[in-house]
Amino acid sequence: MEKLGKTLNIASRLPHFYDTKNVESLLYQFLDVFGYIIEQAETDLMAVMRAHYVNTATNEDSQGFIGTRKGDLDKIFTLYLEALGGTSQLIQVSDRFTLGSIKNVDSFLSTLEINTDEISQYLRKQFSSQTQNLLKCYQVNRANFDANSFKNLPQLAIAILVAKDPISSYLKTEIDPKDYQLLTLYDGSETVPQKLQEIILTLLNQQLENPYLYGKNKSYFQTLPLLESVKQLIAAPITHDNRQRLHRLLLEAAYPEYIEASNIPSKGEVEKALIEEINRFLEAYNSEGDDADSTKLINQNRLLLEATYPNELEKIYVPYRERLKGIIAILRQGAANRQGILDLVAANLGILGDSDAALAAKKQIRLEEFTPEITWLRPPNTSFGRLAYRYPLRLFQEFIVASSNPEPSEIEIVLEIAQNLPVEWLHNLRIVRLDTKEEIRYQGRAKSGDKLLFKRDQILLNGQNAAVKGSTPLLPIDNSQWRFEAEIVLNETVGLFDQQKFNSSTLGFGEVAVHLEMRTYKLNPGTFEVTIPWDIPGYSDKFDEAADHPRHQIDNIINHVKAAGVLAIISYEKIFQEKHDLQVRLTVERSPFLENHIAEEKFNLIGLKVPYPQGIKHELSDKLLTAGVFDYARFDWGDRFSSIPPPTVEENYHEMTDKFLISGIFDYTDFDSGNGFE
């Protein structure tokens, strides 16, 4: 009979004359009933405590928060519903694997290779040839050097012998003195002696496991053009296998002309390929062969993979748990401030921790206070209307700009040169803020009708980048004094006394020289705007695209944690990328030329209905930019520009590259209520 701790504890409290040591006695069996009950109660208590601790709680057997059966994470979340405004919208975690779902790539590959179960055999068999080749290149023995690892072994031997670079000098010192004598006898012949080949192979393979190779030559390796996979290995924790891969790739980078590339992929490439394979398994594997519902089948296969590889694959509820932990931590410390809002939005999307990937994803979320609104600045005491925003200015005329912003703000300045300019050119056009003497200067010439845009440290002349000096001054609070300045340029050189002609000098003119417009972003107090990318790879794709996706809960959560009386605006960014092939044929039949160009493009924006009873109205500012390149143009061989014999095809073939840029702006687009992006 098994001795339980609780039973022994009870028996030890009885007087010594009771036969408590005999586990086969009736008394001990009687006490064991109570000991078992206490033991089970303590086990149940520990399970309850573990289930109510977010770090160890699971969500197994959950039918969803609004289902009849809740998981432990669902139950914990009910404790925080009041702080979140009573929302019942919880995430539905995606059944598919994403980046990070494989806990340890190397361990998963090792387990997958040695396991003989049906799932492992099926996976190995179904891997695509591309994935199999990638995994073959990732095997650690791929890093080892052999006779086929060299492009030019004789030159490599000479490079080590001469030792003109730091890594060659280091390898030279690593050679055994007896072997070094044989190296010094090598005459550089095309055929390397067999013994010397073995010495070099031994030397290089030893360096694969040498823990000091990178550390002692770090400064030299950093000067080489290293692959991204090498940089990832340098930053990753050092293991035996990673060290061998890293050192092989470093030696390849040091001797690219002498050592063959091993094509060792990065761990990220391997992980991506494995995720694609196991996601394909989710939809394809059906051991029973029945016509099961696709959604149910995917979920079953996900749980099957998790049970087969419990230590290698992440549980499906882990993103749920991590997100819940992040939200709870932020709510406990307070989220009604700028950083708290950013942290809350990031945590709600599952962006947690301080890894490089998490920090990069978090930077994509932007919060702008005062909700900036573009507005044109108007001279004081002017009426409304489009022309009221234009400052007609003469040379060196001062003007006043009024700002209603609560803090200094950036401005954009548009200068349009007057059409009736009495001189041919204006030179060194500049805008000066008088109180600080700050200025932005266009270092060039402008004529009648030209338009200049001053923005930050950039100037555009008729849409083209132009030479600039300085940067656009900030617009201060309240009224500020500014001045427009320029120099007059005639056909003669200006500013050189030994070349200037007094009889052709221009001292100035009283007419309007430019029309100036200034615009800025008006800051609206009591508001803030959170801009969130619609797609954040590695995070947003962990959740199903459903009504209770985390992004749909952000508005409700923020409204319950922000300060009272403050307006919160939630904006999402969705980038559509399209590639259009445009072919234009030009045929010259006679002179003068006749051209007929027809370009037709169609854009379809399709809305995806999402289940919101009241509907949602989206006001968007979409920018459309289309660009095309004529790769070549071919003229018909029979065309000619004079009465000469028809040239050959080779003589009449022209290649040219023309670029055109078409840009347009949709000021606003109202999508139908309930539309979303897919």
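Note that the numbering runs from 1 along the sequence shown for the chain.
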Is there a side-chain contact between [X] and [Y] in this structure, where contact means two heavy atoms from C-beta onward sitting under 4.5 Å apart?
X    : Y    : answer
K267 : K272 : no
L344 : I554 : no
E485 : R483 : yes
V414 : L452 : no
K522 : N405 : yes
T527 : V566 : no
L249 : S262 : yes
E438 : V432 : no

Side-chain donor/acceptor pairs under 3.5 Å, residues 457-478, sequence neighbours excluded:
from, atom 1, to, atom 2, distance (Å)
Q458, NE2, N465, OD1, 2.8
N462, OD1, K451, N, 2.9
N462, ND2, D450, OD1, 3.1
T472, OG1, R456, N, 3.3
T472, OG1, R456, O, 2.9

Side chain to side chain contact (heavy atoms under 4.5 Å, CB included) with [X]: which of [options]?
X    : options          : result
V345 : I351, V530, L367 : V530
F528 : I341, I569, L567 : I341
L421 : L426, V514, V512 : L426

Do [Y] and [X] meet the salt-bridge criterion of a basic N to acidic O distance under 4.0 Å?
X    : Y    : result
E424 : K447 : no
K455 : E410 : no
R519 : E517 : no
K151 : E260 : no
R366 : E573 : yes

>> Under the rule for side chain to side chain contact (heavy atoms under 4.5 Å, CB included), what residues qualify as partners of S169, not counting sequence neighbours?
In response: A163
What's the separation between atom [atom1] in [X] and atom [atom2] in [Y], rounded to the nearest 0.5 Å?
X    : Y    : atom1 : atom2 : value
L516 : L415 : CG    : CG    : 5.0 Å
L377 : E412 : CG    : CD    : 10.5 Å
E407 : F370 : CD    : CZ    : 5.5 Å
L250 : I234 : CG    : CD1   : 5.5 Å
Q364 : L349 : CD    : CG    : 10.5 Å
I365 : I536 : CD1   : CD1   : 5.0 Å

>> Given Y391, which partner from the list W482, F399, W376 fulfils the ring pair (Phe, Tyr, Trp, His ring centres under 6.0 Å) test?
In response: F399
> More than 12 foreign heavy atoms under 6.0 Å from OH of Y521: is that the case here?
Replying inline: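 No.
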Nearest heavy-atom pair of [X] and [Y]: which atoms, and what distance?
X    : Y    : value
R390 : P392 : O-CD, 3.2 Å
I259 : E252 : CG2-CG, 3.9 Å
L395 : A486 : CD2-CB, 3.8 Å
P422 : E511 : CG-OE1, 4.0 Å
S409 : T520 : OG-OG1, 3.4 Å

> F221 vs Y214 aromatic rings, parallel, tilted or perpendicular, using cut-offs 30° and 60°?
Replying inline: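 F221 vs Y214 ring planes: parallel.
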>> Could you go through Y572 and D535, starting from their C-alpha distance and side-chain angles, then the distance that decides it, and tell me whether this counts as side chain to side chain contact (heavy atoms under 4.5 Å, CB included)?
In response: CA-CA 9 Å; Y572 293 97; D535 299 309; over 6 Å; no
> Is there a donor-acceptor contact under 3.5 Å linking the side chains of Q419 and S448?
Replying inline: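 The criterion, which ignores hydrogens and geometry beyond distance, is not satisfied for S448 and Q419.
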>> Checking Q155 against E257: is there a side-chain donor and acceptor pair closer than 3.5 Å?
In response: no
>> Test your reading of the model: is there a side-chain donor-acceptor pair from Y442 to the backbone of R445, 3.5 Å cut-off?
In response: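 The answer is yes, because a donor-acceptor pair under 3.5 Å joins these two groups.
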> When you measure from the side chain of Q397 to the backbone N and O of F484, does any donor-acceptor pair fall under 3.5 Å?
Replying inline: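 Judged by distance alone, no pair lies under 3.5 Å.
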>> Let's go through S266 and E228 carefully: what are the C-alpha distance in whole Å and the side-chain angles of both, what is the deciding distance for side chain to side chain donor-acceptor pair (under 3.5 Å) to 0.1 Å, and is it a yes or a no?
In response: CA-CA 8 Å; S266 66; E228 188 62 32; over 6 Å; no
>> Run I431 and E439 through side chain to side chain contact (heavy atoms under 4.5 Å, CB included) and show every step you take.
In response: CA-CA 6 Å; I431 304 297; E439 68 172 38; over 6 Å; no
> So D343 and K362, side chain to side chain contact (heavy atoms under 4.5 Å, CB included) or not? Walk me through it.
Replying inline: CA-CA 8 Å; D343 291 341; K362 194 171 182 179; 2.4 Å; yes
> Step by step, would you call S168 with Y255 a side chain to side chain donor-acceptor pair (under 3.5 Å)?
Replying inline: CA-CA 10 Å; S168 297; Y255 302 107; 2.7 Å; yes
